[in-house]
Amino acid sequence: MIKRGRRLRETAFIRDMVRENTLTSNDFIFPIFVVEGENIKEEISSLEGNYHWSIDRLPEVIKEVEDLGIKGVILFGLPEHKDCTGSEAYSESGIVQKAVAKTRETSDKLYVITDVCMCQYTDHGHCGILDGDVVNNDRTLVKIGEIALSHAKAGAHMVAPSDMMDGRVGYIRNILDINGYENVAIMSYSAKYCSAFYGPFRAAANSAPKSGDRRTYQMDPANAREALHEIDMDVEEGADIIMVKPALSYLDIIKGAKERVNVPVCAYSVSGEFAIVKAGAKLGLINEKAVALEMLLSIKRAGADMIITYYALEASKWIKEDNK
Ligand code: PBG
């Protein structure tokens, strides 16, 4: 007798009934890039359809995000001045701190996450404090703690350290707690790979290292078990959510993380993943909507509970369209 899998694919109704995963706007977190200045909404050439926003115009995109039913944003800042200790990253009047306050003022519902790192703020472009040409882990922790605290003070609901220094989750948890921010959550970029897929982001955030690369702190793409070890340590240190980044080339890591820990798993579908689909669509080689949604669905199917994606707005619109 032939075993017939096709029975459950016969009509749209039965396919809808047996579908295991569905994308909704609840799944997405939208990254927003904020710059100093006034009246700025400038398209980012490496990230089509994404913009550099000045604080005064930030409400426009915040409202759009809300209207589409997206629940969270992650804010990235481009400071006017960089220096060797990245001091604008933890200044109370820093760009992200102002953006957090503005977002909270604009929307009382939207969940505000901040990226905690130094690479956009240091003149050398590395994610920490340099000793010669090596990033000093423990001196960087002090700064990372200050950055996280300044974001919490500005009103962030959750901080997301992306620097890959050892011990940062425990360090940040402690700083937040002793300052009365015990309810500010930590989403750790636990398994952040040293990936070539970050290219368009670095152009957008002006954050490429001036010399060397990030191999002494970001993970080797060849390693999988090491990612699980990093995730274990972050959960142990108090991470509320762990993240895998990038997403599409690391679906095995997302799946492994989901099977291993019982905290939510976030996946960051990074700039290069977005750019490839955009470019392919522009060349007329692929159907953008279908490919982008399939890609996001695959990340969810692998085990992501939430996805940071530059497609958050478009995908939410497409999903709405399809559900009409
Ligand atoms: C900051 C940071 C980076 C990204 C997110 N946070 C860049 C990097 O590590 O070089 C990349 C995001 C993307 O490519 O979309 N450390």
Side-chain angles (χ1 to χ4, degrees), residues 28-34 44-52 73-79 82 86 88-90 94-96 99 113-122 124-130 135 137 140 143-144 147-148 151 156 158-165 168 172 186-221 230 243-250 266-279 292 295-296 299 304 306-313:
F28 307 136
I29 296 168
F30 187 54
I32 299 176
F33 295 86
V34 192
I44 300 172
S45 57
S46 61
L47 288 172
E48 199 187 310
N50 289 261
Y51 298 85
H52 284 136
V73 292
I74 182 163
L75 300 174
F76 293 96
L78 282 80
K82 302 183 186 227
E88 285 208 20
Y90 43 90
I95 182 72
V96 163
I113 308 167
T114 57
D115 181 83
V116 174
C117 196
M118 303 190 72
C119 58
Q120 286 115 272
Y121 301 90
T122 50
H124 45 71
H126 277 287
C127 301
I129 303 294
L130 282 185
V135 175
N137 193 88
T140 301
K143 295 297 172 197
I144 292 294
I147 299 171
H151 292 176
M158 182 154 78
V159 293
S162 70
D163 51 290
M164 285 302 275
M165 294 305 119
R168 68 203 197 282
I172 292 173
I186 300 176
M187 173 161 74
S188 179
Y189 287 70
S190 302
K192 178 174 180 180
Y193 283 90
C194 189
S195 168
F197 283 92
Y198 306 149
F201 173 96
R202 290 182 188 170
N206 185 20
S207 65
K210 297 280 174 300
S211 65
D213 52 42
R214 304 207 203 287
R215 273 179 238 216
T216 67
Y217 40 103
Q218 298 182 349
M219 280 188 45
D220 183 342
E230 286 283 355
M243 191 202 298
V244 175
K245 173 187 174 189
L248 208 52
S249 291
Y250 298 84
C266 176
Y268 197 143
S269 181
V270 301
S271 55
E273 299 172 37
F274 174 81
I276 287 172
V277 180
K278 280 280 173 203
M295 181 173 98
L296 292 166
I299 296 167
M306 59 199 86
I307 306 168
I308 303 176
T309 170
Y310 303 96
Y311 267 119
L313 303 184

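Nothing here was measured: the structure is a model prediction, and the numbers come from that model. For ligands, and for the atoms within them, numbers begin at 1 and follow the listed sequence. Sequential numbering from 1 along the given sequence is applied to the chain's residues.
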Qualifying residues under side chain to side chain donor-acceptor pair (under 3.5 Å), relative to Lys143, sequence neighbours excluded: Tyr90
With a 4.0 Å heavy-atom cut-off (strictly under), which part of [X] contacts ligand 1: side chain, backbone, both or neither?
X	value
Ser271	both
Phe274	neither
Asp163	neither

Can you confirm whether the side chains of Arg168 and Thr140 place a donor and an acceptor under 3.5 Å from each other?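 Side-chain D/A pair, Arg168 to Thr140: absent.
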Please answer whether the main-chain N or O of Ala247 pairs with a side-chain N or O of Glu273 as donor and acceptor at a distance below 3.5 Å. yes
So, the side chain of Ser207 versus the backbone of Gly125: is there a donor-acceptor pair under 3.5 Å, distance only?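 A pair under 3.5 Å: no.
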Lys192 to Tyr268, cation-pi by 6.0 Å centre distance and 45° axis angle: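 No cation-pi geometry.
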Counting non-hydrogen protein atoms only, what is the nearest one to [atom]? Give residue, atom name and distance.
atom	result
atom 5 (C) of ligand 1	Lys245 NZ, 2.6 Å
atom 9 (O) of ligand 1	Lys192 NZ, 2.7 Å
atom 10 (O) of ligand 1	Arg202 NE, 2.5 Å
atom 15 (O) of ligand 1	Tyr310 OH, 2.6 Å

Minimum-distance pair of heavy atoms, taken over all atoms of Met219 and Ala191: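 Closest approach of Met219 to Ala191: SD-CA, 4.2 Å.
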For Ala205 and Lys82, work out which heavy atoms get closest and say how close.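 Shortest heavy-atom contact: O-NZ, 4.4 Å.
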Under a 4.0 angstrom heavy-atom cut-off, which atoms of ligand 1 come close to Tyr268? 12 (C), 15 (O)
What are the atoms of ligand 1, with element, lying closer than 4.0 Å to any heavy atom of Arg214?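 Matching atoms, with element in brackets: 8 (C), 9 (O), 10 (O).
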Judged by non-hydrogen atoms, does Glu273 sit under 4.0 Å from ligand 1? no
May I ask whether Cys119 has any heavy atom positioned less than 4.0 angstrom from an atom of ligand 1? yes
Set of residues satisfying ring-ring contact (aromatic ring centres under 6.0 Å, His included) with respect to Tyr310, sequence neighbours excluded: Phe274
Geometry only, no angles: is Gln120 polar-contacting ligand 1 at N/O separations under 3.5 Å?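 Between Gln120 and ligand 1, no N or O pair is found under 3.5 Å apart.
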Polar contacts were defined as any N/O atom of the residue lying under 3.5 Å from an N/O atom of the ligand; does this apply to Ser207 and ligand 1? no
Centroid-centroid distance, Phe201 to Phe33, less than 6.0 Å: yes
